[in-house]
Amino acid sequence: MRRVSILGATGSIGQNTLDLIRRAPGEFQVVALTGGHNIAQLAEDARQSRAEFAATAYPELLEDLQAALAGSGIQVAAGKAALIEAAQRPADWIMSAIVGVAGLAPGLAALEQGGTLALANKESLVTAGPLLLATAARHGARILPVDSEHSAIFQALIGEDRAAVERVIITASGGAFRDRPLGDLAHAGVAEASTHPNWDMGQRITIDSASMFNKALEVIEAKEFFALDPDQIEVLVHPQSTVHALVGFRDGALMAHVGPPDMRHAIGYALNWPDRRDLPVARLDLAAIGRLDFALPDPARYPALALAWQVMHVGGHAGAIFNAAKERALDHFIAGHIGFLEMSALVARTLDNGLRDAQTGEITLESVRRCDHLTRQQMDRLIAA
Ligand code: NAD
Ligand code: MG
């Protein structure tokens, strides 16, 4: 039996991962599950999957978790150190599906085991790509991408000579406001930004899809993971979310990955890698779909997207600054302090300020944390002003 752990088990990716594990009885031993505020879900999943260890990120919820798992024999813990402990429990395959930069330290701890890290947490590549890859290399660990676009690129590259890659095209659905009159965007609310036309995901990534901050993160993620030049990466709006990414080769060929918008494909691919096995995802009926549309993203609608290239050209800690500014702006949007379009405007300003004195030194967990902290403070000051 393969030993598996899920960091961020109670979220959208975590639940889809558990669904696939449940469908393969006898194949996986669940080692550790982590969650946040949803103690009932965490406890239910820990019991159902017979996990060895369950941890919540929040120390104040330890008693609730203890009570919910009383008599189960499952060990429980809480707080940041507990997340690290979950990542360090011996496992062959670990899903990194915490949302935000909070997933970085547990992901690094998981890599130190030298097994396989299925990486949904794009923020760890954006904030600390070189550190993540070096940690994997040092410990002989493997990172498999779980973001659907990156899984698609990974699959399109199988058997190919990396030197023959000319470009990579990442698709974007266009999010909740793709067809909204531009003049209405400033007043777009949290609830409407939290609905996605094609994908069912956590709230934060769903809002980031409407603003295309998510696509900006994914562009940087692709650069880091596949060692691309910034100008080799393109983004196309593709409303059907059926072609997830394409890889263009020097002979002009494009290899596209086509599949239903269901994260269980990318998760299942990483779970079964290097094999392909049956997955409970819909089979596409291309005749019923009829057409696939592609268009260039409108910079006026998605001002966040271009920031990715600014970040990539500066390098160093620019990704950590960008991500922290984005996370904090999103907090303020969700709290109702700022409008939808203010997010990208404020992140652009914070990025400009931050890049002037961005640390150029080596990227370490500590340096990323420092950057993250300072940037959040800057963002708060900007909003309070
Ligand atoms: P989610 O909000 O549904 O779940 C997030 C998980 O992280 C939960 O288990 C939550 O308890 C935990 N968490 C939240 N804050 C935490 C903190 N501070 N410390 C520790 N744990 C914390 O998010 P999601 O949509 O499942 O996304 C998870 C990650 O996967 C993100 O990085 C996201 O960008 C990426 N991703 C998600 C999808 C998707 O379909 N949902 C697709 C591609 C990539
Ligand atoms: Mg994606």
Side-chain angles (χ1 to χ4, degrees), residues 5-19 32-43 45-46 54-59 61 65 77-87 95-107 109 117-127 145-154 170-173 175 194 196 198-209 212-222 225 235 238 241 243-245 257 259-267 269-270 323 326-327 330-331 334 372 376:
S5 291
I6 306 174
L7 312 173
T10 55
S12 161
I13 292 285
Q15 292 291 296
N16 277 312
T17 309
L18 279 167
D19 175 72
L33 299 178
T34 82
H37 291 110
N38 195 344
I39 296 298
Q41 185 72 57
L42 178 59
D45 290 335
T56 165
Y58 306 108
L61 297 178
L65 186 58
K80 286 186 179 151
L83 302 181
I84 302 294
E85 188 185 342
M95 167 57 79
S96 167
I98 289 171
V99 63
V101 72
L104 174 59
L117 186 72
L119 188 70
N121 179 265
K122 62 192 81 185
E123 296 89 344
S124 41
L125 271 174
V126 170
T127 58
V146 172
D147 216 340
S148 56
E149 298 77 3
H150 305 73
S151 175
I153 297 167
F154 186 90
I170 296 173
T171 61
S173 68
S194 304
H196 197 283
N198 304 336
W199 296 92
D200 182 11
M201 310 184 286
Q203 185 191 29
R204 297 182 71 88
I205 183 175
T206 302
I207 300 175
D208 283 349
S209 297
M212 271 213 202
F213 268 117
N214 180 51
K215 211 49 57 178
L217 294 179
E218 289 182 357
V219 165
I220 303 168
E221 180 188 10
F225 192 80
V235 173
H238 167 47
S241 294
V243 177
H244 302 304
H257 182 279
D262 183 334
M263 283 310 293
R264 291 177 305 175
H265 170 72
I267 297 168
Y269 180 77
N323 181 69
K326 191 281 301 177
E327 287 195 29
L330 182 56
D331 292 341
I334 291 173
D372 183 87
R376 281 168 202 260

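FYI, the numbering just counts along the sequence from 1. Keep in mind that the numbers below use all heavy atoms, side chains included, and drop hydrogens, waters and symmetry copies. All ligand and atom numbering here is 1-based and tracks the order in the structure.
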Atom indices of ligand 1, in the order listed, that fall short of 4.0 Å to a heavy atom of [X]:
X	result
G36	11 (O)
I205	25 (O), 33 (C), 34 (O), 36 (N), 37 (C), 38 (C), 42 (C), 43 (C), 44 (C)
M201	39 (C), 40 (O), 41 (N)
G202	3 (O), 25 (O), 41 (N)
N121	32 (O)
A97	5 (C), 6 (C), 7 (O), 28 (C)
Y58	15 (N), 16 (C), 17 (C), 18 (N)

Check your understanding: G11 to ligand 1: N or O pair under 3.5 Å?
Key -> yes

Review point. Has ligand 1 got any nitrogen or oxygen that is less than 3.5 angstrom from a nitrogen or oxygen of T34?
Key: no

Mind listing the closest non-hydrogen atom pair of [X] and [Y] along with its distance?
X	Y	result
N121	G100	ND2-O, 2.8 Å
I153	A245	CG1-CB, 3.7 Å
A9	L18	O-CD1, 4.1 Å
A97	G14	CB-N, 4.3 Å
L104	S124	CD1-CB, 3.6 Å

Under a 4.0 Å heavy-atom limit, does [X] contact ligand 1 with its side chain, its backbone, both, or neither?
X	result
L83	side chain
A102	side chain
A57	side chain
E123	side chain

If hydrogens are left out, which of [options] has an atom nearest to [atom], that is, the closest non-hydrogen atom?
atom	options	value
atom 35 (C) of ligand 1	A120, G14, S12	A120
atom 44 (C) of ligand 1	D200, D147, V126	D147
atom 7 (O) of ligand 1	T56, I13, V99, T206	V99

Shortest protein contact, [atom] (heavy atom only):
atom	value
atom 34 (O) of ligand 1	K122 CE, 3.1 Å
atom 13 (N) of ligand 1	I98 CG2, 4.1 Å
atom 10 (C) of ligand 1	T10 OG1, 4.0 Å

How long is the gap from [atom1] on [X] to [atom2] on [Y], to the nearest 0.5 Å?
X	Y	atom1	atom2	answer
Q15	M263	CD	CE	14.5 Å
I205	E123	CD1	CD	7.5 Å
L217	N323	CG	CG	6.0 Å
N16	D200	CG	CG	7.5 Å

Check your understanding: Just wondering, are more than 12 heavy atoms of other shown residues or ligands nearer than 6.0 Å to CG in D19?
Key -> yes

Check your understanding: Would you find a donor on one side and an acceptor on the other, under 3.5 Å apart, between the side chain of D262 and the backbone of R264?
Key -> yes

Practice item. Indicate the ring-plane relationship of Y269 and F154, choosing parallel, tilted or perpendicular according to the 30° and 60° boundaries. Key: perpendicular

Point to revise | Residue among L33, L7, V146, L117 satisfying side chain to side chain contact (heavy atoms under 4.5 Å, CB included) with M95 | key: V146

Review point. Would you say M263 contacts ligand 1, with heavy atoms under 4.0 Å as the rule?
Key: yes

**Study point:** ligand 1 contacted by G35 (non-hydrogen, < 4.0 Å)
**Key:** yes

**Study point:** Ring-ring centroid check H244 W199, cutoff 6.0 Å
**Key:** yes

Which of the N/O/S atoms in [X] sits closest to the Mg ion (ligand 2)?
X	result
E218	OE2
D147	OD1
E149	OE1

